[in-house]
Q: 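Got a structure for you, questions after.
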Amino acid sequence: MDGRFLKVYELLRRAHGPRRWWPVTPPGETKPLYTGGPRSDLQRFEVAAGAILTQNTAWTNAARAIENLNRLGAISPGAIGRMDVQSLALAIRSAGYFNQKAKRLKTIAAHFRANRKMTREGLLALDGVGPETADSIMLYGFKAPFFVVDAYTRRLFGRLDLVDPSASYEEIRERFERNLPRRVFVYKEYHALIVEHGKLVCRKAPLCEKCLLKKLCLMYLERKETKQGRIG
DNA sequence: CGCCAGGGCCTCA
DNA sequence: TGAGGCCATGGC
């Protein structure tokens, strides 16, 4: 096991604290909150719907769509099944790609109605559910130990030189899973920490001076040497 | 204004 | 199998 993966986790925890991702709507309310995860079938479905809605989209835009659905009493497999695609698309407009996502919500709602147990394979077979969406649903909705890999993960761990950013999704996921304790809590927090760090620090234009990982970071060390004129 | 956000699918080579 | 186009709103 490569201990650097756990080391980075601990440093990110120190930098950003517990994330408590994924937010879900408490009973009787309309706004998703950081409650530490879903506690009912309805909230598990909400995680799945949110995973679709946030595809390539800022969470605030997806959250607004979820609030709209909540106000319509529509975050359930049955209610989404009964709604026509047009009004569904209208309700989730803020999430972007609303025509695609309305269909995808219909598809996943039907899957929830038809299946008692969720599996990664079953989700991946659905139109509009790729590996990241499937793993997000399995991990955050159903406490299954799949590590979620996204664009932030590739960028950060590519810069750290712990992952080949051009590798396949499955390769990267397995690399994380081989090098971490197989704990749902760790997977959940770690992915959320990577996202937070990607947004605040390891941006496309990175803020290396703020970064607690810089001593471990190939990119930072290379830049430093370049500045000192020892390269090039 | 331009850029980009916690992807996935399709097409074409 | 991989690069590029497409889907779309909202925040900065």
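Chain letters run A, B, ... following the sequence lines, proteins first and then strands; every chain starts at 1.
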Q: Could you state the NZ-P distance from A:Lys204 to B:dG2, rounded to the nearest angstrom?
A: 16 Å

Q: When the P atoms of C:dA8 and B:dC10 are compared, how many Å lie between them, rounded to an integer?
A: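 My reading of the P atoms in B:dC10 and C:dA8 gives 15 Å.
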
Q: So, does A:Arg93 get its side chain near the phosphate of C:dG10, meaning an N or O under 4.0 Å from OP1 or OP2?
A: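 Looking at the OP1 and OP2 atoms of C:dG10, one of them is under 4.0 Å from a side-chain N or O of A:Arg93.
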
Q: Would you please confirm or rule out a distance under 4.0 Å between OP1 or OP2 of C:dA8 and any side-chain N or O of A:Asn99?
A: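 For A:Asn99, the contact criterion (side-chain N or O under 4.0 Å from OP1 or OP2 of C:dA8) is met.
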
Q: Base, sugar-phosphate, or nothing for A:Asn61, non-hydrogen atoms under 4.0 angstrom?
A: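 Since a base atom lies under 4.0 Å of A:Asn61, the category is base.
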
Q: Could you check whether A:Gly96 gets within reach of a base, just the sugar-phosphate, or nothing at all, counting any heavy atom under 4.0 Å?
A: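 Counting heavy atoms under 4.0 Å across all strands, the contact made by A:Gly96 includes a base.
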
Q: Under 4.0 Å between any heavy atoms, over every strand shown, what does A:Leu124 touch: base, sugar-phosphate, or nothing? Just pick one.
A: nothing

Q: What's the shortest heavy-atom distance between A:Asn70 and A:Lys31, and which atoms?
A: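 It is ND2-N, 4.5 Å.
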
Q: Specify the separation, in whole Å, of atom CZ of A:Arg154 and atom P of B:dA5.
A: 14 Å

Q: Can you measure A:Ile108 atom CD1 to B:dC9 atom P for me and round it to whole angstrom units?
A: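 Result: 12 Å.
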
Q: Hey, which sits more toward the 5' end of DNA chain B by its nearest nucleotide, A:Lys199 or A:Leu126?
A: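 By nearest-heavy-atom nucleotide position, the 5'-most residue is A:Lys199.
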
Q: Return the 5'-most residue of the pair A:Thr60, A:Thr57 with respect to DNA chain C, ranking by each residue's nearest nucleotide.
A: A:Thr57

Q: Just how far is it from atom NZ of A:Lys7 to atom CG of A:Leu160, taken to the nearest 0.5 Å?
A: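 Interatomic distance, A:Lys7 NZ to A:Leu160 CG, rounded to 0.5 Å: 13.0 Å.
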
Q: What's the gap between C:dC6 and B:dG6 when it is taken at their P atoms, as a whole Å value?
A: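 Straight-line distance between the two P atoms is 23 Å.
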
Q: Considering Watson-Crick and G-U wobble pairs with both distances under 3.5 Å, what does C:dC6 pair with?
A: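 Its partner is B:dG8 (Watson-Crick or G-U wobble, both distances under 3.5 Å).
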
Q: What orientation do A:Phe45 and A:Phe112 show, parallel under 30°, tilted 30 to 60°, or perpendicular over 60°?
A: perpendicular

Q: I'd like to know if A:Asp135 pairs up with A:Arg120 as an ion pair, taking the criterion as any Lys NZ or Arg NE/NH1/NH2 lying under 4.0 Å from an Asp or Glu carboxylate oxygen.
A: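 Answer for the salt bridge query: yes.
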
Q: Quick check on A:Arg183: does its CZ atom have over 12 non-hydrogen neighbours (other residues, nucleotides or ligands) under 6.0 Å away?
A: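 Atom CZ in A:Arg183 is not crowded, with 12 or fewer foreign heavy atoms closer than 6.0 Å.
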
Q: Without decimals, in angstroms, what is the distance between A:Glu132 CD and B:dA5 P?
A: 12 Å

Q: Base, sugar-phosphate, or nothing: which does A:Val129 touch, judged by heavy atoms less than 4.0 Å apart?
A: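 Sugar-phosphate contact only.
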
Q: Which nucleotide, C:dC7, B:dG6, B:dG8, lies nearest any side-chain atom of A:Tyr152?
A: B:dG6

Q: Please state whether the rings of A:Phe176 and A:Phe5 are parallel, tilted or perpendicular, taking 30° and 60° as the class boundaries.
A: perpendicular

Q: From CG of A:Asp164 over to C1' of C:dG2, roughly how many Å is that when rounded to an integer?
A: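 In whole Å, C:dG2 C1' lies 14 Å from A:Asp164 CG.
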
Q: Just the rounded figure in Å: distance from C1' of B:dG6 to CD1 of A:Ile52.
A: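 Taking CD1 of A:Ile52 and C1' of B:dG6, I get 14 Å after rounding.
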
Q: Closest to the A:Ser94 side chain: B:dG8, C:dT9, C:dC7?
A: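 The listed nucleotide nearest to A:Ser94's side chain is C:dT9.
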
Q: Look at the side-chain N and O atoms of A:Arg155 and state whether any lies under 4.0 Å from the OP1 or OP2 oxygen of B:dC4.
A: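 So the side-chain polar atoms of A:Arg155 never come under 4.0 Å of the phosphate oxygens OP1 or OP2 of B:dC4.
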
Q: Please report the distance, rounded to the nearest Å, between CD in A:Glu67 and C1' in C:dG10.
A: 14 Å

Q: Which whole-number value in Å describes the distance from A:Gln100 CD to B:dG8 P?
A: 11 Å

Q: On a plain distance test, is the side chain of A:Asp150 in donor-acceptor contact with the base of B:dG6 below 3.5 Å?
A: no

